[in-house]
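Counting starts at 1 for both ligands and their atoms, in listed order. The figures here come from the full heavy-atom set of this structure, side chains too, leaving out hydrogens, waters and symmetry mates. Note that the structure is a prediction, hence the values are computed from the model and not measured.
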Amino acid sequence: MSPPYSRQPRPPESLKARLKNAGSLFRQLPGTFRLFWESSPRGAVVLAALTLVAAVLPAAIAWVGKLIVDGVVAAAGGGGEAARERVLRLVLLEFGLMVGSATLDRALSMVRELLRANLGNLLNERILQKALELELRHFEDSDTYDKMQNARREASSRPLGLVMDALSIVRNAVTLSTYAVLLVSLSPWSVVVLVAASIPAFIAEARLAAEGFRLYSWRAPEGRKLNYLEWILTRDNHVKEVKLFGLGPLVLGRYRELFQKFFREDRALAMKRMGWGLGLGLVSLGAFYGCYAFVASRAAQGSITVGDMVLYLGVFRQGQSAFQGILSSVGSMYEGALFMSNLFAYLEIPTGQESSRVLPALTAPRGRGNAIELRNVSFRYPGKDAWALRNLSLRLEPGEKLALVGENGAGKSTLVKLLLRLYEPTEGDILYGGVNLKDMDPEDLRSRFGAVFQDFVRYQFSVAENIGLGHVPALEDRNRIVRAAEQGGASTVISALPSQYDTMLGGWFEKGHELSGGQWQKLGVARAFMREDAEVLILDEPTASIDAESEHALFERFQELAADRIALVISHRFSTVRMADRIAVLHNGTVEELGSHAELMARNGRYAHLFNLQARGYRD
Ligand SMILES: Nc1ncnc2c1ncn2[C@@H]1O[C@H](COP(=O)(O)OP(=O)(O)OP(=O)(O)O)[C@@H](O)[C@H]1O
């Protein structure tokens, strides 16, 4: 599998492509709002209501401010006691409005925090739920894997950010409209000037935001590379190689180089932003002072009141900052929308290819009398040209112990994936008890298998759970767990642990006990034995780290435990392999030799050659 960051990002070429790109980003909004609503309908209503009230308050405060100034002028001009009282009442009213505004701002940020947690949690759950629906092929596909990791990384911050940006646009737009209403009554021209002076800023900001967004999206794969380099240097299981091979300076050097590249791009964009921002800021400032001169001269002529002039100044200034607020929200919405488009793409990955071809699904008889038959099976991994398996035919009789051998990459593990229906054959069929795997419910099929994989999982849980997870309904059944441990050859390891079955394993959490590779593997084997009613056992290199004595003991027991089940053992150790009833030698994805140890030795082909090679290695 190629690393996720290896794909080269492509800039959108034409203006049309760019517009399409931007359009598709803003299409994420309805879906985002739907999620937001689902995460907390009440919270959404409260947030919307608070935002709207907060949007109209500034205009109300500005208007009361104008009334105060006019009131003061009137009172000073001999308005008497009543005029003075009116001014005081107005000041009190403005004070009330300011208290309201401050309270609203606090309430808004509190609601925002609560909603962030709710929405983040809802999304994380959806992402995990989707991960459960995904099939192995998705996990082995770098594109999908990439989507999932990206979705996970920012699920708790991005979506609410997008909602808040959208709300802030609405809030500022409402504020601007209320300002416009106030200004129209004062001077319709000033509204026109306000809008006209902002248009160049709007266009420039939209362009720069789009550029920032493109930078961000092109560089996404490289950003992941940066994370990956960081990961190499900080992961516990990398430290040995990093130290031994002295990788530190190299990896850190690459990290620095990449960072410098990012920094140079960011700096160029920041300079551009500054240039445009300054230029357009001066245009706005010019427009503002032009209108200022106009309004001040009208006030001096007495055609408008001093209060009107104060209102005009306040509103114009704040109007510009509301406008700036809209612009910066538009910019950051690009990034939020990019994240959401990735998230939705991930949540919409089609699944269900695993389900049965026919309804209701067919099922094989329960019990251990079923044969497994592969008929002319060929398989190519999705998106790959090379065949991993080619025209493979094989029949495993009930109760048969078959060993699969072959060089690295011969197709052994692939064959196991097909048997478990983690993938479907590209050509040919696999039958279990006479039923085509494609017609079976995958859960029904998998419930019949017990397996230890080459890359079995070392759960950072207790010993009992590490074994019990092999059959979840019996997770609390200590007798069964102890039995499985004995069968897997793990009991001696466990009895030496400080709290035996209750010992926490692994070094990730407090008090975790670390085991050796072989000890872990014994627990992995024990886990496979938890499924007592399994009809087929698969051991994919079960003895790779187990010492020779334990391996011998395991296989002696295994013959007995597997008893009347089919057992498929993949191993590179011929001392293990020879105990099987039959041995299939895989070469280039197909069965090259098939027979018992004695038969294959007599044949003097690839098996005999490999066996002798290994045996000689032991004897010499
Ligand atoms: N997820 C995958 N995507 C694409 N190709 C794959 C994938 N997994 C395996 N392959 C390819 O399929 C072929 C068979 O691989 P497989 O893992 O079945 O070999 P194996 O016999 O189990 O090898 P080993 O002894 O090293 O475990 C190889 O050429 C390998 O490169």
Side-chain angles (χ1 to χ4, degrees), residues 1-7 131 134-149 349 351 353-354 372 374 376-394 396 402-428 430 437 449 451-457 517 521 524-525 528 536-546 551 567-578 580 582-594 600 605-607 609-611 613-614 617:
M1 191 168 73
S2 63
Y5 52 80
S6 66
R7 289 186 312 281
L134 292 181
E135 297 147 25
L136 180 66
R137 68 189 165 95
H138 294 122
F139 282 88
E140 291 187 341
D141 170 55
S142 60
D143 247 346
T144 312
Y145 190 70
D146 222 16
K147 276 191 192 128
M148 173 160 65
Q149 297 310 328
I349 292 170
T351 53
Q353 271 198 18
E354 278 189 346
I372 297 176
L374 291 98
N376 240 335
V377 170
S378 295
F379 178 73
R380 255 196 307 233
Y381 280 96
K384 297 280 182 285
D385 292 330
W387 292 98
L389 296 177
R390 195 69 183 129
N391 296 329
L392 193 149
S393 295
L394 189 66
L396 281 85
L402 181 89
L404 272 184
V405 298
E407 75 268 36
N408 296 131
K412 304 177 295 294
S413 301
T414 304
L415 180 62
V416 170
K417 291 182 202 168
L418 295 193
L419 281 182
L420 295 173
R421 235 188 128 208
L422 296 167
Y423 283 100
E424 270 184 13
T426 316
E427 290 168 13
I430 305 179
L437 257 48
F449 286 74
V452 190
F453 297 109
Q454 208 172 346
D455 48 358
F456 67 96
V457 184
Q521 203 162 22
V525 175
V536 182
L537 279 178
I538 294 183
L539 304 185
D540 187 352
E541 302 216 37
T543 54
S545 337
I546 292 183
E551 178 191 333
L568 187 65
V569 179
I570 299 179
S571 179
H572 290 289
R573 283 203 197 175
F574 285 82
S575 49
T576 302
V577 168
R578 66 179 298 172
R582 279 195 307 166
I583 298 147
V585 182
L586 246 58
H587 183 64
N588 286 341
T590 197
V591 179
E592 195 183 63
E593 293 177 8
L594 180 67
L600 293 184
R606 187 179 296 271
Y607 177 82
H609 171 70
L610 293 172
F611 184 90
L613 212 64
Q614 223 174 62

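In terms of polar-atom proximity, defined here as any N/O pair under 3.5 Å, Y423 makes no such contact with ligand 1. Polar contact with ligand 1: absent for K384 (N/O pair, distance under 3.5 Å). Every N/O-N/O distance between G406 and ligand 1 stays at or above 3.5 Å. For G411, a nitrogen or oxygen atom sits less than 3.5 Å from a nitrogen or oxygen atom of ligand 1, counting backbone and side chain alike.
Ligand 1 places these atoms under 4.0 Å from at least one heavy atom of K417: 8 (N). Of all atoms in ligand 1, numbered sequentially from 1 with element shown, those under 4.0 Å from a heavy atom of E140 are 1 (N), 2 (C). Close approach of ligand 1 to T414 (heavy-atom distance below 4.0 Å) involves ligand atoms 14 (C), 15 (O), 16 (P), 18 (O). In summary, the atoms of ligand 1 found under 4.0 Å from a heavy atom of H572, numbered by their order in the structure, are 25 (O).
At a cut-off of 3.5 Å, with distance as the only test, a side-chain donor of R390 or S378 sits close to an acceptor on the other residue.
L568 contributes atom CG, which lies 4.5 Å from atom CG of L404 (distance to the nearest 0.5 angstrom). Between L389 atom CG and T414 atom OG1 the span is 5.5 Å, to the nearest 0.5 Å.
Judged as a side chain to side chain donor-acceptor pair (under 3.5 Å), and not counting sequence neighbours, the contacts of Y423 are E140. By the side chain to side chain donor-acceptor pair (under 3.5 Å) test, T351 is found to be paired with no residue, residues two or more places apart in sequence or in another chain being considered.
Salt bridge absent: E593 and R606 never bring a charged side-chain N and a carboxylate O closer than 4.0 Å.
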